[in-house]
Amino acid sequence: MTGKMWIMTVLGLVIGAGSHFGALAHSQDLPIEEEPVIKPPSEDRPLKEARLDTERFELGPYAGIYAPDGFGASGVFGLRLTYHVTEDIAFEGSYAISKVDQTAFRQLTGRSLLVSDDLWYWSVGVSYDLFPGQVFLTRKRTLYSAIYLVAGLGQVNMDDRNHFSMDVGTGYKLFVTDWLSVRPDFRLHMFETDVTGEKKLTYNLEGTIALALFF
């Protein structure tokens with residue numbers, strides 16, 4: 001092969017390589033459209049939300065467990081009336097009856113510590129919806145809900161004597177319909193008593209479930 005043919009061959013290779021790399025660089029600059037493997041649904045699904053009545057009052061019964069400090073737990077039954085000042089703030093009043101379980105004390109000492117087993121209380125307070133939200137039952141059905149805090153003042157009648165009381169607690173509201181809600185509720189009732197001979201502050205636990213009707 002002559003020198004002229006070598007030169008022509010080398011030039012051809014250089015030109016070919018340059019064209020190849022230029023086309024490759026140009027192709028990398030162009031956007032590449034790729035079809036997604038899984039396409040999300042494009043149709044709009046209507047979401048059905050529970051609408052709430054505009055009434056400000058709600059009334060309903062509640063039931064659960066009341067455990068006086070130092071005694072066994074007993075059932076408690078009550079009625080609660082609530083007035084909604086705003087969407088998140090409400091005033092409420094409660095009245096309930098229960099029993100003081102003295103079984104353990106009677107078995108230990110052979111006698112009763114209290115004159116009467118009957119216990120009742122009333123309380124007025126304020127609640128605040130701390131975490132309002134929604135519960136998604138299905139893809140097309142939601143219910144309103146809220147986690148709330150509550151605090152109140154009142155009176156507890158225990159051992160046939162009245163005691164000034166304070167109560168604090170928290171609960172969860174679930175609006176089943178636009179006029180009915182379900183409320184699991186946990187509260188701590190505090191009052192001073194001297195049933196054991198020494199005056200002290202007692203802490204009494206209460207756990208209830210309430211139904212509330214709006215009107």
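Heads up: numbering here begins at 1 and tracks the sequence. Computed from a predicted model, the values in this text were never measured in an experiment.
- The side-chain heavy atoms of I89 and S127, taken from C-beta on, include no pair separated by under 4.5 Å.
- Between E92 and R183, at least one side-chain N (NZ, or NE/NH1/NH2) sits under 4.0 Å from a carboxylate O, which counts as a salt bridge.
- Under 4.0 Å is where a charged nitrogen must lie from a carboxylate oxygen, and between D185 and R187 at least one such pair does.
- Of the possible polar contacts, one joining the R56 side chain to the H84 backbone as a donor-acceptor pair under 3.5 Å is found.
- Counted within 6.0 Å of CZ on F91, heavy atoms from surrounding residues, nucleotides or ligands total 12 or fewer; the atom is thus considered open.
- The nearest pair of heavy atoms linking L205 to L188 is CD2-CD1, 3.5 Å.
- The shortest side-chain heavy-atom distance between D159 and T193 does not fall under the 4.5 Å cut-off.
- Across all their heavy atoms, Y62 and A210 have their closest contact at CB-CB, 3.4 Å.
- Looking only at atom types and distance, the side chain of E206 has a donor-acceptor partner in the side chain of H189 under 3.5 Å away.
- In plain terms, the two heavy atoms of G207 and F186 that are nearest each other are CA-CD2, 4.0 Å.
- Within a 6.0 Å sphere centred on CD1 of I209, heavy atoms belonging to other residues, nucleotides or ligands number 12 at most.
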Under the side-chain contact (heavy atoms from CB on, under 4.5 Å) criterion, do L211 and V182 qualify, and how do the steps go?
CA-CA 5 Å; L211 293 177; V182 178; 3.7 Å; yes

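- Between F191 and Y121 the shortest side-chain heavy-atom distance does not fall below 4.5 Å.
- For the residue pair S98 and Y66, the shortest heavy atom distance occurs at OG-CB, 3.8 Å.
- Closest approach of S116 and Q102 over heavy atoms only: O-NE2, 4.3 Å.
- Taken to the nearest 0.5 Å, the OG1 atom of T86 stands 8.0 Å off from the OH atom of Y128.
- Proximity of V100 to F71: side-chain heavy atoms (C-beta onward) are separated by under 4.5 Å at one or more points.
- In this structure the side chain of N162 reaches within 4.5 angstrom of the side chain of W120, judged on heavy atoms.
- Using a 4.5 Å heavy-atom threshold, the side chains of L174 and V135 count as touching.
- No continuous path of hydrophobic side-chain contacts links L119 to F77 [ILVMFWY only; heavy atoms under 4.5 Å].
- In this structure, the side chains of T208 and V76 come closer than 4.5 Å at one or more pairs of heavy atoms.
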Take F164 and L153 through the test side-chain contact (heavy atoms from CB on, under 4.5 Å) and record every step on the way to the result. CA-CA 8 Å; F164 172 76; L153 302 174; 3.9 Å; yes

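- Using a 30° and 60° split on the angle between ring planes, F57 and F215 fall in the parallel class, below 30°.
- Here the side chain of T138 pairs a donor or acceptor atom with the backbone of K140 at under 3.5 angstrom.
- A side-chain donor-acceptor contact under 3.5 Å links N204 and T202.
- With a 4.5 Å cut-off on side-chain heavy atoms, K199 and L201 do not count as touching.
- Between R106 and D101 no salt bridge is recorded (no basic side-chain N to carboxylate O distance below 4.0 Å).
- Minimum heavy-atom separation, F136 to T142: CD2-CG2, 3.1 Å.
- One finds a salt bridge joining D118 and K99 here, because a Lys/Arg side-chain nitrogen approaches an Asp/Glu carboxylate oxygen to under 4.0 Å.
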Derivation and outcome, ring-ring contact (aromatic ring centres under 6.0 Å, His included), residues F214 and F175:
CA-CA 10 Å; F214 293 86; F175 296 90; 5.7 Å; yes

